[in-house]
Asker: 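Submitted below is the structure of interest, expressed as structure tokens.
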Amino acid sequence: MGPFGTGYFKNLFEHMKDRYPVTCLREEKNWIYDLFSESKSISVSTVKDSDGDYVGALSHTSVLDEGYIRVFACELDEDISWLEAAPSIIRYLHSFGEELSKKENAEFKGFDFNLEDEHPIYKILYGTLEYNKTSEAPLAWYVRISNLEKFMGFIAPVMEGRI
């Protein structure tokens with residue numbers, strides 16, 4: 001499958017887990033479904049550097065959702081600067097949204113990052129464009145915790161502080 005195959009994406013999103021205390025564990029079959037399924041509503045796009053090498057990826061809607069492109073994942077290789085890559089990602093999303101607007105004969109209102117609160121792109125975008133970060137709690141999460149004892153030890157101080 002080459003660098004664009006499931007292995008690349010799996011490795012890319014593996015390092016993302018270090019940023020967050022709780023993440024979703026995914027198997028190879030999940031990556032294959034996300035990347036190569038017949039779903040027409042989700043797209044996975046790559047981020048390339050000036051030499052054409054893969055340096056990141058993002059997952060987003062491939063149709064306008066109430067006028068917006070919804071971004072569900074946005075990751076870069078560890079050695080790539082978010083500050084340098086963010087403008088290209090924004091230009092891509094804007095261009096893609098304009099294309100969808102013409103194709104769907106609908107108004108393109110913008111794009112919406114549905115990422116973790118501490119995602120690096122929020123730090124880059126804060127105070128720019130018409131960026132307004134509003135965080136909504138998810139309705140439900142199904143989480144598999146591989147080491148429950150370690151996890152409980154990690155959250156115990158916070159939980160005790162709330163008693």
Asker: In sequence, state the C-alpha distance, the side-chain angles, and the governing distance for L64 and I69, and then conclude on side chain to side chain contact (heavy atoms under 4.5 Å, CB included).
Answerer: CA-CA 5 Å; L64 292 177; I69 295 174; 4.0 Å; yes

Asker: Should we count CG of D51 as having more than 12 external heavy atoms under 6.0 Å?
Answerer: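 Buried by this count: over 12 neighbours within 6.0 Å.
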
Asker: Nearest 0.5 Å please: distance from the CD atom of E160 over to the CD1 atom of I155.
Answerer: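 One finds 10.5 Å between CD of E160 and CD1 of I155.
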
Asker: Please report the interatomic distance CG(L76) to OH(Y54), rounded to the nearest 0.5 Å.
Answerer: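 Rounded to the nearest 0.5 Å, the CG-OH separation comes out at 15.0 Å.
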
Asker: Angle between ring planes, Y92 versus F96, binned at 30° and 60°: parallel, tilted or perpendicular?
Answerer: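 Y92 vs F96 ring planes: parallel.
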
Asker: Looking only at heavy atoms, which two atoms of V63 and E104 are closest? And how far apart?
Answerer: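 The answer is CA-OE2, 3.2 Å.
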
Asker: Hey, are the side chains of F113 and L93 touching, using non-hydrogen atoms and a 4.5 Å cut-off?
Answerer: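 F113 vs L93: side chains touch.
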
Asker: When you measure from the side chain of T46 to the backbone of A57, do you find a donor-acceptor pair of N or O atoms at a distance under 3.5 Å?
Answerer: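 No; zero donor-acceptor contacts below 3.5 Å.
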
Asker: Rounded at 0.5 Å granularity, tell me how far NE2 in H119 sits from CD1 in I124.
Answerer: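 Between atom NE2 of H119 and atom CD1 of I124 there are 10.5 Å.
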
Asker: Hey, which of N114, I89, V47 is the one that makes side chain to side chain contact (heavy atoms under 4.5 Å, CB included) with C74?
Answerer: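 Exactly one option meets the side chain to side chain contact (heavy atoms under 4.5 Å, CB included) with C74, and it is I89.
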
Asker: When you measure from the side chain of T61 to the backbone of R70, do you find a donor-acceptor pair of N or O atoms at a distance under 3.5 Å?
Answerer: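 It does hold such a pair.
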
Asker: Do you know which two heavy atoms are closest between K150 and N147, and how far apart they sit?
Answerer: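 The pair with the smallest heavy-atom distance is N-OD1, 3.0 Å.
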
Asker: Verify side chain to side chain contact (heavy atoms under 4.5 Å, CB included) between I90 and L125, making sure each step is shown before the conclusion.
Answerer: CA-CA 10 Å; I90 300 305; L125 295 180; 3.9 Å; yes

Asker: Roughly how far, to the nearest 0.5 Å, is OG of S62 from CG of L100?
Answerer: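 Nearest 0.5 Å value for the CG-OG distance: 7.5 Å.
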
Asker: Quick check: closest heavy atoms across P157 and G153, and the distance to 0.1 Å?
Answerer: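 Taking every non-hydrogen atom into account, CD-O, 3.6 Å.
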
Asker: Is it the case that one hydrophobic cluster holds both V158 and F154, taking links as side-chain heavy atoms less than 4.5 Å apart, direct or via other members?
Answerer: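 V158 and F154: separate clusters.
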
Asker: So if I apply the ring-ring contact (aromatic ring centres under 6.0 Å, His included) rule between H94 and each of F111, Y68, F108, which one comes out positive?
Answerer: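 The ring-ring contact (aromatic ring centres under 6.0 Å, His included) with H94 is passed solely by F108 among F111, Y68, F108.
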
Asker: For residues 79-88, tabulate all N or O donor-acceptor pairs below 3.5 Å that involve a side-chain atom, not counting sequence neighbours.
Answerer:
unit_1	atom_1	unit_2	atom_2	d
S81	OG	L83	N	3.2
S81	OG	E84	N	3.2
S88	OG	R91	NH2	3.1

